[in-house]
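Just the heavy atoms: all of them, side chains too, but no hydrogens, waters or symmetry mates, feed the values below. Computed from a predicted structure; not experimentally measured. Below, read A as the first sequence line, B as the second, and so on, with proteins coming before strands; counting in each chain starts at 1.
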There are 2 protein chains.
Amino acid sequence: MWSELAALSGVVAAVAHARQTSSNTATREFGPTMMFTDGKPTQRGFASAMIVDQKFVVKIPDGMAPEQAAPLLCAGVTVYSPLNHFGLKQSGLRGGILGLGGVGHMGVKIAKAMGHHVTVISSSDRKREEALDHLGADDYLVSSDAARIQEAADSLDYIIDTIPVNHPLEPYLSLLKIDGKLILMGVINTPLQFVSPMVMLGRKSITGSFIGNMNELEEMLEFCKDKNLSSTIETVKMDYINAAFERLEKNDVRYRFVVDVAGSTLRTVKHRWL
Amino acid sequence: MWSELAALSGVVAAVAHARQTSSNTATREFGPTMMFTDGKPTQRGFASAMIVDQKFVVKIPDGMAPEQAAPLLCAGVTVYSPLNHFGLKQSGLRGGILGLGGVGHMGVKIAKAMGHHVTVISSSDRKREEALDHLGADDYLVSSDAARIQEAADSLDYIIDTIPVNHPLEPYLSLLKIDGKLILMGVINTPLQFVSPMVMLGRKSITGSFIGNMNELEEMLEFCKDKNLSSTIETVKMDYINAAFERLEKNDVRYRFVVDVAGSTLRTVKHRWL
């Protein structure tokens, strides 16, 4: 839920700015620097305009629609950054995407575009068709299917773990090859657990990543344009925002809302930070 | 305790072989391949002779005493391998050694010889003088000293965590810089815990390592010879082995026993695997 909300707010900023400036750029919050709207901090809010140092402005490639750029600036770079940083961009790797939501679905698309063999791991069979037929994943594992998990042991170079609630790590560590990486993306405030031999034997790593840096943002947008990748989104107007939040609570979006704030009367919006 | 026992058995093999062959070589157990003594598996035991494929035989540098080579083949490579693998050999890095025992003391020596700034982190002040004055560490932190731990936040490139019992990871994750690595060496069979933002923010890694590969064994021995490094050991004869085990249980060794089995009547030894 947290990641969806973060996306929603970050995304709005990008779309708002892209719509309202003649140059095709978008801005987003990044690092410890605050962003300001009308001289006040945005507090991750819905802005009609904003002033930032140009080093925090990303060029959107020609021809990329703003409503596409927006979710890529969150979910896209969140996946692209660790693959880039950890040397996992070359083709032929075998990756796992744990959880198929806003970040996970971009994980499948980006990893496939890099030439990886992609396994989606999910808690039920419900998203199998979506993963294999619509998103192009190569394999699908249900995390409770101990026999299939066992068969797939030591087979993955990395797992992008997008699960935003507490979950056991050991079944997924077992899927990793030697030197494999479990890359956490979910901000979870209860402790995750593992026993040390699960990382020592095989020199596996539990790591994590949070959005990405400015260079990666630009690289990722170019990569998505070159590979003709898009995020699967539902674009809504500002007057739909409370309904969008209600649907987010029910996980009822495939996969991201993008809020087009152009022409909205922003001050009337009821803020609901969950 | 586990690591000390493993060292003891591995070490004996190395010393035994080095003493009894004209070539200055040592052998050790490695990977899934079994080693044999008189045609039977050693079961990590005390061997007077052994037959192994030569790819599992390590050349001991000229002039290195067998009783020195022996502990380096366990504690030495256990530290050297992850520093090598994770690109942490260059001078100027800031490292932490968590726990000052058989592996930890070699960690301080090897990291210092690589030109690192080395902080020993321990549960009490008891080993401060030993760490700073005898082993040459640069700094000493008591893990319960929250103020000093807080001051040292975001300061270390890596921590070699040799603690063999369950312990919190978060105080040590907080000491790491961006991209810092917490490298576990202790086989702990109860779950370790952390919250995901502690690795996501700063892209830190929790990883681990187990001994090292054959190339690293030879590199490490050459490195120790070049840098004139030795392990701090107490050499005992085989008839002292049960007393040695009893002292190990009380943590009463500085820092490794090396058992010289030459001339021993091996079959009379009472095996005590704890």
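There is no contact between Asp161(A) and chain B, counting heavy-atom distances below 4.5 Å. Within the 4.5 angstrom heavy-atom criterion, no atom of Leu182(A) approaches chain B. In this structure, the portion of Leu169(B) lying under 4.5 Å from any heavy atom of chain A is its side chain and not its backbone. Contacts between Asn166(B) and chain A at a heavy-atom distance below 4.5 Å are absent for every atom of the residue.
When each of Ser81(A), Pro82(A), Ser196(A), Gly186(A) is scored by its heavy-atom pairs under 4.5 Å with chain B, the top score falls to Ser196(A). The choice from Val195(B), Leu201(B), Leu192(B) that makes the most heavy-atom pairs within less than 4.5 Å of chain A is Leu192(B). The greatest number of non-hydrogen atom pairs below 4.5 Å with chain B, out of Lys181(A), Met198(A), His85(A), Glu170(A), is found for His85(A).
Aromatic ring centres of Phe86(A) and Tyr158(A): separated by at least 6.0 Å.
Of all non-hydrogen atoms in Pro171(B) and Ile149(B), the two that sit nearest each other are O-CG2, 4.0 Å. Nearest heavy-atom pair, Val258(A) versus Pro71(A), reported as atom, atom and distance to 0.1 Å: CG2-CD, 3.8 Å.
Ring pair His105(B)/Tyr255(B) is parallel by interplanar angle, where below 30° counts as parallel and above 60° as perpendicular.
Note on Asp157(B) versus Arg94(B): no salt bridge recorded, every NZ/NE/NH1/NH2 to OD/OE distance being 4.0 Å or above.
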